[in-house]
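Okay, so here's the structure we're looking at.
Nothing fancy with the numbering, it's 1 onward along the sequence. Computed over heavy atoms, backbone and side chain alike; hydrogens, waters and symmetry mates excluded.
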Amino acid sequence: APCSALQPASNPQPVAVSPQPTTVNPQSGSAPPGPAAGGSPTATETGAMNWASTMANEHNKTYNGLCLSFVFRAYQVAGVNLRPEVSVRIGADTYPLDIWGYLKGRTGAGTPPAGALVFFEPKTGSASYRRDYSHVALSLGGGRLVSTADGVNESYTHYETMAQHDYSRYLGWWLPA
């Protein structure tokens, strides 16, 4: 199912976040997110993961099909506006695939560190290959993700693993500068 374009940003005040991660687990809700590659998540990354995990624990449907808005909002709640970190115009018709390659900060192709945005594109050769079928999720570390409803696996914000995205091709991860 398509991942809709980035929605206009509202201007909420950032919330205070604790550097300690919320206790979350894709199956039971009891284990903390894994550490980032090369170190622990920052307070901002932890804040983004906390908010995203709360949305998944609630099986929230607010961001169904709005994956790019979801990850940008997670960081906004943690006090960081990601828009200046993208060196291409972002508008109502911007999809995850459109900003991949135009990101300031660290990117990689291995297992995404905790707090990273994880980008996917439709598998090549697919009859349904469209840029609006690209996807982005938020990494909890260890190959675990918080993802919005995609119409394939779930109908609400949920936990999943990298392996569960077998219907799309992994592009890589991004940690903002």
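For the pair Ser87 (side chain) and Tyr102 (backbone), a donor-acceptor distance under 3.5 Å is present. Remark: the backbone N or O of Ala137 is not paired with any side-chain donor or acceptor of Ser147 at under 3.5 angstrom. The main-chain N or O of Pro113 is found under 3.5 Å from a side-chain atom of Ser139 such that the two form a donor-acceptor pair. No donor-acceptor distance shorter than 3.5 angstrom exists from the side chain of Tyr170 to the backbone of Val118, with no hydrogens or angles considered.
In this structure, Phe119 and Trp174 have tilted ring planes: the angle between them lies in the 30° to 60° band.
The shortest heavy-atom contact between Glu45 and Tyr75 is CG-OH, 3.3 Å. Between Asn64 and Ser155 the shortest heavy-atom distance is ND2-O, 3.2 Å. Between Ala52 and Leu138 the shortest heavy-atom distance is CB-CD2, 3.6 Å. Between His59 and Tyr156, the shortest heavy-atom contact is O-CB, 3.2 Å. The two residues Gly110 and Trp173 come nearest to each other via the heavy atoms O-CD1, 3.4 Å. Leu171 and Leu97 get closest at one heavy-atom pair: CD1-CD1, 3.7 Å.
Within the model, atoms NE2 of His158 and CG of Leu145 stand 8.5 Å from one another, a figure rounded to the nearest 0.5 Å. Atoms CG and OG1, from Leu175 and Thr44 in turn, are 11.0 Å apart once rounded to the nearest 0.5 Å. For the atom pair Gln76 CD and Asn81 CG, the distance stands at 6.5 Å (nearest 0.5 Å). Taking CZ of Arg89 as the start and OG1 of Thr94 as the end, the distance is 5.5 Å to the nearest 0.5 Å.
Side-chain contact between Ile99 and Leu68: present, with at least one pair of heavy atoms (C-beta onward) separated by less than 4.5 Å. Here the side chains of Cys67 and Tyr95 are not in contact, with every heavy-atom distance at 4.5 Å or above. Proximity of Leu82 to Leu117: side-chain heavy atoms (C-beta onward) are separated by under 4.5 Å at one or more points. Proximity of Trp100 to Glu121: side-chain heavy atoms (C-beta onward) are nowhere separated by under 4.5 Å. The shortest distance between side-chain heavy atoms of His135 and Thr148 falls below 4.5 Å. Looking at heavy atoms from C-beta onward, Gln164 lies out of side-chain contact with Tyr159 at the 4.5 angstrom threshold.
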- Tell me, with the steps shown, if Val146 and Met49 meet side-chain contact (heavy atoms from CB on, under 4.5 Å). CA-CA 8 Å; Val146 177; Met49 291 186 297; over 6 Å; no
